[in-house]
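Comments concern the structure below.
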Amino acid sequence: MTIDHVHVDLAGRSYDIKIGQGLIDNVGTHVAPLLKRKFAAIVTDENVAKAHLKTLEKALKAAGIESKALILPPGEKTKGYQHLAETCDALLGFGVERKDVVIALGGGVIGDLTGFAAAVLRRGVAFIQIPTSLLAQVDSSVGGKTGINSKHGKNLVGAFHQPIMVLADLDVLSTLPKRQRAAGYAEVAKYGLLGNAPFFDWLDNNVEAIMAGDIKATSQAVKISCEMKAKIVAEDETETGARALLNLGHTFGHALEAATGYSDTLLHGEAVSIGMVQAFGFSEMLGHGQQGLNRKVAAHLQRAGLPTHISDIKAKLPDPAALVKLMYQDKKAENGRLTFILAEQIGKSFIAKGVDEAKVLAFLKQDMAKQGLAKP
Ligand SMILES: NC(=O)c1ccc[n+]([C@@H]2O[C@H](COP(=O)([O-])OP(=O)(O)OC[C@H]3O[C@@H](n4cnc5c(N)ncnc54)[C@H](O)[C@@H]3O)[C@@H](O)[C@H]2O)c1
C-alpha cells in the first residue's frame, strides 16, 4: 500500500503527516533522517505498550537507534500535573538532550501530554507523533496543540508546539477497542459537517466500512481529515479565527464532559457527537440552519454506534442552567460571553460570538425536555 503524505505548511515549523500501513515496522526509514544522534525517547501508555511498543523498539533497533520508554497509565486522568512532572523527569533521567527527539506513541492523551512535556523540557525539544487511536490520527496529533487538564477544566495549561513529523500507521487501529474507534469517527464526521459536504456524503456511504476496519476506506477518511485540519491550521495556527471551526460540537460537548467528570462515562468523541447534534439543533432554533438537519446528523452518527442525545449518557446530569455554567470554561468564551460553532447546512459552519445565554438555556431546556430530562 502506498504512503500518503499530507503537508502541514507552517514556514519554519512545517512537517509531513505520513499515512499508511507498516509505518512502525519501518520506523527507522522515517525517523532516522530527523535524528542528530541514534537515540529516541518514547512515551506511551500501558494499553498501547502492550500492543505496539515492542514492534516500535525492535524497528528502531533494527535501524541502529537506541531507545528508552516511559509507560504511563491509560486514560484522561494521566493528562495532569502529576504525570507531566513524571514525564519531564523520566525524559531527563533518560538523558534526553536539547537536540534529541521524543516520540509520543499513543492516543490524544499521550500526544497532548508528551507534546507539552517536549515543549517545556530544556525549553523545547523536538517530538514525533505516532498516533494510535483514530481520534489522534485525524485530529489531536496534527496542529501542535499540546497540554494538560487543570482542576478548573480541560486543556487549560499548555503550549503550541508542532511535532516534526506525524506517522499515522493504519495497522495499529486493529487493536483499538470499537468504542474508541467510534469516538474517533465523531471527529472524522466533524470535518464533513463543518466544511466539506461532499466528504460527508462520501462518509454516509462508507461509515460502516470505516467502523469495520476496512483499510482503504479508513485510509481515505484519515487522509481527508488530515488535509482539512492541515489547511485550517496553516491558515490560523494559534486559533485567532477560522481554527475555531474545528470546535463544532465542542461548546456543548465540553460541558457534558465536565458534567460527567472527564471519565469513561462519556469519551471526548462521544461528547462531540452529542454536541454536534445539539449545535445543529441550536442553529435551527436561532433561525440559521435548515430544518431537521440535526436528525440527519444524528442518524449518521448512530450508524457508527455513537451516542447522539443527552439521554444516551448513562449518568445523572446537572440541570440545564448548571450545564450552561460549565460552558463558560470553554476556551472560546470571550469577555464572559459564549461562542458557538453553528451551521447553516451540512458543510457550512460559522463562528457565532457573544451568543445570548438565555437562548442557550432555552435550547437546552427544550432539548432535555424532549428527552424527558428537564421540565419544559
Ligand atoms: N491536541 C489536540 O488538538 C486535540 C484534539 C482533539 C482531542 N484532543 C485530546 O485527545 C484526548 C483524547 O484522545 P483519545 O481519544 O485518543 O484518548 P486516549 O489517548 O485516552 O486513548 C483512548 C484509549 O484507547 C487506548 N488506545 C489508544 N490506541 C490504542 C491502540 N492502537 N490499541 C489499543 N488501545 C489503544 C488508550 O490506551 C486509551 O485507553 C483528549 O484528552 C482530548 O482533549 C486533543
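Throughout, numbering of the chain's residues begins at 1 and tracks the sequence. Predicted model only: the values in this text are computed from it and were never measured. Each ligand, and each atom within it, is numbered from 1 in the order the structure gives.
- Between Asp139 and Lys190 there is a salt bridge, since a side-chain N of the basic residue sits under 4.0 Å from a carboxylate O of the acidic one.
- Those atoms of ligand 1 that come under 4.0 Å of a heavy atom in Asp139, given as number and element, are 5 (C), 6 (C).
- Close approach of ligand 1 to Val48 is summarised as follows: ligand atoms under 4.0 Å from at least one heavy atom of the residue are 26 (N), 27 (C), 28 (N), 29 (C), 35 (C).
- Salt-bridge annotation for Glu235 and Lys231: present, with a side-chain N of the basic residue lying under 4.0 Å from a carboxylate O of the acidic one.
- Contact atoms of ligand 1 toward Gly107: 16 (O), 19 (O) (distance under 4.0 Å to a heavy atom of the residue).
- In this structure, Phe127 and His161 have parallel ring planes: the angle between them is below the 30° cut-off, well short of the 60° mark.
- Atom 25 (C) of ligand 1 has as its closest protein heavy atom Asn47 ND2, 4.1 Å.
- Every atom of ligand 1 with a heavy atom of Asn155 under 4.0 Å away is listed here by number and element: 43 (O).
- With respect to Glu66 and Arg37, no salt bridge is recorded, no charged nitrogen being found less than 4.0 Å from a carboxylate O.
- At least one N or O atom of Val109, backbone or side chain, sits closer than 3.5 Å to an N or O atom of ligand 1.
- In this structure the side chain of Ile341 never reaches within 4.5 angstrom of the side chain of Leu194, judged on heavy atoms.
- Summary of contacts: the protein heavy atom closest to atom 17 (O) of ligand 1 is Gly108 N, 4.0 Å.
- Atom 40 (C) of ligand 1 has as its closest protein heavy atom Glu76 OE1, 3.3 Å.
- No donor-acceptor pair under 3.5 Å is formed between the side chain of Asn196 and the backbone N or O of Tyr191.
- Both Val297 and Leu306 belong to a single network of hydrophobic side chains, linked directly or stepwise wherever heavy atoms of I, L, V, M, F, W or Y lie under 4.5 Å apart.
- Close contacts of ligand 1 with Ser133, meaning ligand atoms under 4.0 Å from a residue heavy atom, involve 14 (P), 16 (O), 28 (N).
- Comment: Asp100 does not engage Arg122 in a salt bridge, judged by the lack of any side-chain N to carboxylate O separation of less than 4.0 angstrom.
- Protein heavy atom in closest approach to atom 42 (C) of ligand 1: Lys154 NZ, 3.5 Å.
- Taking all heavy atoms of Ala104, Ala49, Ser140, Gly111 into account, the minimum distance to atom 4 (C) of ligand 1 is reached by Ser140.
- Taking every non-hydrogen atom of Lys229 and a distance limit under 4.0 Å, the qualifying atoms of ligand 1 come out as 3 (O).
- Taking only nitrogen or oxygen atoms, main chain and side chain alike, Thr146 does not reach within less than 3.5 Å of ligand 1.
- For Gln162 (side chain) and Gly143 (main-chain N/O), a donor-acceptor pair under 3.5 Å exists by modelled atom type.
- Contact annotation: for Glu46 versus ligand 1, there are no heavy atoms closer than 4.0 Å.
- Counting protein heavy atoms only, atom 32 (N) of ligand 1 is closest to Thr175 OG1, 2.7 Å.
- The atoms of ligand 1 that sit less than 4.0 Å from any heavy atom of Lys79 are 9 (C), 40 (C), 41 (O), 42 (C), 43 (O).
- With a 4.0 Å cut-off on non-hydrogen atoms, Gln180 touches ligand 1 through its side chain and not its backbone.
- Taking the six-membered ring for Trp and thresholds of 30 and 60 degrees, Phe340 and Phe282 have ring planes more than 60 degrees apart, a perpendicular arrangement.
- In this structure, the protein non-hydrogen atom closest to atom 9 (C) of ligand 1 is Asp112 OD2, 3.4 Å.
- Ring geometry, Trp202 versus Phe199: the interplanar angle falls under 30°, so the pair is classed parallel (tilted spans 30 to 60°).
- For the pair His250 (side chain) and Leu248 (backbone), a donor-acceptor distance under 3.5 Å is present.
- The ligand atoms of ligand 1 that sit less than 4.0 angstrom from a heavy atom of Pro74 are 37 (O), 39 (O).
- Between Val272, Leu176, Leu246, it is Leu176 that holds the heavy atom closest to atom 35 (C) of ligand 1.
- Close N/O approach between Leu173 and ligand 1 is not found [any backbone or side-chain N/O within under 3.5 Å].
- For a threshold of 3.5 Å applied to N or O pairs, the pair formed by Lys145 and ligand 1 contains at least one separation below that value.
- Looking at Ala51 against ligand 1, nothing comes within 4.0 Å, counting heavy atoms.
- A donor-acceptor contact under 3.5 angstrom links the side chains of Asn247 and Glu239, judged on distance only.
- Atom NZ of Lys296 has 12 or fewer heavy atoms from other residues, nucleotides or ligands within 6.0 Å.
- Ring pair Phe350/His288 is perpendicular by interplanar angle, where above 60° counts as perpendicular and below 30° as parallel.
- Of all protein heavy atoms, the one lying nearest to atom 36 (C) of ligand 1 is Asp45 OD2, 3.3 Å.
- Residue, atom and distance of the protein heavy atom nearest to atom 7 (C) of ligand 1 are Leu135 CD2, 3.7 Å.
- Judged by the shortest distance from any of its heavy atoms, Lys50 lies outside the 4.0 Å radius around the atoms of ligand 1.
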